[in-house]
There are 2 protein chains.
Amino acid sequence: MSRIVNGDPTLRVRPETRASVEAAIDMLNYTPHPSARALRNARTGLLGFALNDVNDPIYAEMVERAQVEAAQQNFSLILLNTAELAQRGEAFREIVLGRRVDGLLIQSGLGSWEDAVQEIARAVPSVVFGADSLPGTRTMRLDDARAAQIATRHLIDAGHTSIAYVGAPGTSSERRFSAYRAALVDAGLPWLPAIDGGWTADESHEATVRFLGSGAQVTAIVAVTTTAALGAHSGIVAAGRRIPDDVALVSINDAWFARHLNPPLTAVWLPLGDLGALAVHEVIEQITEPRDGETVLTEPAPRLVVRGSTKTLATGRKDDDPGGQASDR
Amino acid sequence: MSRIVNGDPTLRVRPETRASVEAAIDMLNYTPHPSARALRNARTGLLGFALNDVNDPIYAEMVERAQVEAAQQNFSLILLNTAELAQRGEAFREIVLGRRVDGLLIQSGLGSWEDAVQEIARAVPSVVFGADSLPGTRTMRLDDARAAQIATRHLIDAGHTSIAYVGAPGTSSERRFSAYRAALVDAGLPWLPAIDGGWTADESHEATVRFLGSGAQVTAIVAVTTTAALGAHSGIVAAGRRIPDDVALVSINDAWFARHLNPPLTAVWLPLGDLGALAVHEVIEQITEPRDGETVLTEPAPRLVVRGSTKTLATGRKDDDPGGQASDR
DNA sequence: CTGAAAGCGCTTACAG
DNA sequence: CTGAAAGCGCTTACAG
């Protein structure tokens with residue numbers, strides 16, 4: 001009976017038996033009780049998604065695709081706070097030690113809780129995002145270097161010679177910074193130390209205002225992510241400079257609001273949604289066979305979307321663009 | 001033993017017994033098995049949050065506070081798709097009929113799935129957001145009328161006499177529209193039919209461009225929510241008008257990005273986070289004693305935050321502002 | 001006050 | 001091929 005419900009492929013049963021069982025299921029609108037199933041199978045059908053800040057639209061995109069992918073594989077996504085988990089409080093005991101979830105997706109590489117995240121990832125089947133490769137851990141990230149390179153090259157190609165980078169804490173930002181620097185070095189141009197912004201628009205706003213207020217003479221900025229770019233955008237305006245005439249701006253990541261800024265934000269799109277879906281797929285595989293290793297999601301490739309926050313300088317050289325290029329509105 | 005773990009208050013036990021049990025719990029790092037508990041108690045400790053669009057930053061704020069509140073009461077939040085649920089597919093059968101969650105938070109009033117939401121809300125202890133009062137259902141919403149009134153009055157007080165409303169499908173927007181219209185009628189000014197935008201920035205952008213392109217001579221716009229205001233913002237710019245000189249703009253809701261627009265967006269803040277937390281509290285109560293009725297969260301009150309997208313017209317009257325008033329940056 | 005036993009609804013190994 | 005029985009880990013009513 002149970003084997004009919006669950007579609008056991010090794011089962012052979014008379015068609016009439018199967019039919020009568022299926023009729024009963026339909027008539028009673030029978031659904032297996034999830035708790036009983038979970039107890040018996042030692043599987044909850046739950047995946048945890050641990051985030052630092054649900055409000056970041058970049059995460060929202062990942063979460064949405066992750067949720068859809070999970071639902072397709074009959075898993076539900078439960079929302080967790082990285083901070084709560086990392087502080088080994090009630091939540092840690094219940095979720096991680098208590099095995100409330102079958103697997104965990106954890107954001108890392110943001111400069112907080114890195115050690116705790118690693119420990120948790122070893123206790124439960126997990127995929128860690130954004131972090132550098134870690135022995136014993138399954139990590140997954142985007143092609144940060146390529147994206148930062150495309151952003152920086154776009155500015156170089158537009159004729160800029162003095163380009164800054166607005167960053168944030170953690171290894172994700174550091175990888176992007178290195179590629180920014182490398183692109184400038186390659187072009188024989190000077191690079192500047194990263195401006196210490198943050199992962200929120202407010203922090204990057206303050207950092208940008210301070211940086212420009214100190215008399216810095218850059219003509220272009222690369223921002224670590226779209227929220228930071230938004231803060232840089234308002235910061236440039238607050239500092240009394242014009243975009244793109246005085247200071248051009250490119251965002252790594254292309255969140256949905258980029259096109260609605262004034263002027264619209266030139267950005268390098270990265271496949272965040274795909275990363276979320278792929279991570280769910282991976283963590284479900286890990287439940288049955290644990291595996292470590294690093295995946296850098298290079299496809300679909302980062303893609304430059306040119307909008308109004310950058311333009312070719314009158315005096316600038318005009319080369320081909322290195323990345324795929326697109327433009328909207 | 002079990003009663004010690006769960007802190008049964010009626011239990012009287014020798015202190016030494018209690019101590020030795022607690023020592024054992026600590027030593028073994030014992031956590032009750034959630035699935036077994038769920039099976040025995042017919043409670044999963046799970047609350048579902050059904051959303052149409054996780055990407056809307058307005059929801060993100062609610063979800064975040066709801067998650068924190070749920071965690072404090074030892075519940076986890078699982079993320080659900082309203083569309084999937086409403087279409088009575090696999091998810092409906094599993095989550096609603098299968099009682100995978102103890103309670104449900106559902107967004108409604110957005111013009112889709114209203115009937116299905118109502119049906120689901122009757123099958124599972126639920127709190128429905130944004131909807132009008134429904135018999136047999138626990139509904140909860142913000143003070144839409146007051147917020148729209150404050151927004152509209154702000155523009156009237158600044159001297160505007162031709163004010164439009166950019167709306168979206170559903171009853172939430174209709175309530176705001178009614179208050180917009182009432183405020184204008186009160187002031188003896190003409191009102192216009194709602195401009196049919198949508199809940200996304202892209203839709204409202206298109207609607208605004210079309211509206212302004214048709215030669216409409218309004219000098220100010222009230223937008224149903226911050227995402228719509230963002231679309232209106234970029235739409236006004238795309239139509240070649242200046243903000244606030246040609247067209248002023250006020251948003252109902254004050255999402256985090258409002259202050260970073262250029263010019264920054266004047267907005268009426270509403271307690272969305274509080275609504276999320278309160279809803280979790282309510283739905284947990286409903287699990288033990290079902291109740292219907294409507295709650296309109298009027299406190300904390302809507303609050304006008306004046307930024308650069310509005311200004312007092314040179315020729316305009318200058319009255320006091322009707323709502324609490326604040327301004328930042 | 002304390003310990004043993006029953007049962008929540010499922011799945012799977014086993015006997016018929 | 002089919003049906004009955006055991007057991008997942010808890011909680012609670014019950015016997016001692």
Side-chain angles (χ1 to χ4, degrees), chain A residues 1-46 73-76 78 90-91 93-103 123-125 284 287-288, chain B residues 1-46 73-76 90-103 123-125 284 287-288:
Chain A
M1 205 313 282
S2 170
R3 280 167 294 177
I4 294 176
V5 177
N6 296 304
D8 184 336
T10 70
L11 176 72
R12 284 203 316 209
V13 74
R14 261 177 305 163
E16 61 215 68
T17 309
R18 181 185 298 275
S20 81
V21 169
E22 279 170 352
I25 290 169
D26 271 9
M27 208 178 59
L28 300 171
N29 227 313
Y30 170 81
T31 316
H33 189 108
S35 302
R37 220 172 195 178
L39 177 58
R40 172 63 237 228
N41 294 343
R43 290 281 153 78
T44 60
L46 255 31
Q73 306 207 35
N74 282 312
F75 279 82
S76 295
I78 94 175
E90 188 100 7
R93 189 180 193 127
E94 248 193 74
I95 309 284
V96 180
L97 301 181
R99 314 212 106 252
R100 204 190 200 320
V101 295
D102 294 335
V124 178
I284 291 172
I287 295 168
T288 49
Chain B
M1 199 320 277
S2 170
R3 280 168 294 179
I4 295 177
V5 176
N6 296 306
D8 184 337
T10 70
L11 176 72
R12 283 201 320 210
V13 73
R14 263 176 304 165
E16 62 216 70
T17 309
R18 181 186 297 274
S20 81
V21 169
E22 280 170 351
I25 290 169
D26 272 9
M27 206 178 59
L28 299 172
N29 227 314
Y30 170 81
T31 316
H33 189 108
S35 302
R37 221 174 194 176
L39 176 59
R40 171 65 235 224
N41 295 342
R43 290 283 152 79
T44 59
L46 255 30
Q73 306 207 36
N74 282 312
F75 279 82
S76 295
E90 187 100 6
F92 177 83
R93 189 179 192 127
E94 247 193 74
I95 308 286
V96 179
L97 301 181
R99 313 210 108 255
R100 206 196 199 315
V101 297
D102 295 335
V124 178
I284 291 173
I287 295 168
T288 49

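Keep in mind the model is a prediction, meaning the values are calculated, not measured. By convention in this document, chain letters (A, B, ...) are assigned in the order of the sequence lines, proteins followed by strands, and residues within each chain are numbered from 1.
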* Respond yes when some side-chain nitrogen or oxygen of Y30(B) is under 4.0 Å from OP1 or OP2 of dC10(D), and no when none is. =>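 Indeed, a polar side-chain atom of Y30(B) lies that close.
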
Without decimals, in angstroms, what is the distance between [X] [atom1] and [N] [atom2]?
{"X": "R43(B)", "N": "dC10(D)", "atom1": "CZ", "atom2": "P", "value": "19 Å"}
{"X": "R40(A)", "N": "dA13(C)", "atom1": "CZ", "atom2": "P", "value": "8 Å"}
{"X": "H33(B)", "N": "dG7(D)", "atom1": "NE2", "atom2": "P", "value": "17 Å"}
{"X": "R99(B)", "N": "dC10(C)", "atom1": "CZ", "atom2": "P", "value": "14 Å"}
{"X": "L39(B)", "N": "dT12(D)", "atom1": "CG", "atom2": "P", "value": "13 Å"}
{"X": "N41(B)", "N": "dC8(D)", "atom1": "CG", "atom2": "P", "value": "19 Å"}

* Interatomic distance, T288(B) atom OG1 to R43(B) atom CZ [nearest 0.5 angstrom] ->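 Result: 7.0 Å between the selected atoms.
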
* What pairs with T44(B) under side chain to side chain donor-acceptor pair (under 3.5 Å), at least two apart in sequence or on another chain? ->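 For T44(B) the side chain to side chain donor-acceptor pair (under 3.5 Å) partners, ignoring immediate neighbours, are D102(B).
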
* To do: Provide the closest heavy-atom pair for G98(A) versus P34(B) in the form atom of the first, atom of the second, distance.
  =>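 It is O-CD, 3.2 Å.
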
* Structure fact -> Dot-bracket for DNA chain C, 5' to 3', Watson-Crick and G-U pairs with both distances under 3.5 Å, [ ] for crossing pairs, | for partner on another strand, reads |||.||||||||.|||

* Asked: Can you list the residues that meet the side chain to side chain contact (heavy atoms under 4.5 Å, CB included) rule with S76(B), with sequence neighbours excluded?
  ->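 S76(B) satisfies side chain to side chain contact (heavy atoms under 4.5 Å, CB included) with I78(A), I95(A), R100(A), L46(B) once adjacent residues are dropped.
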
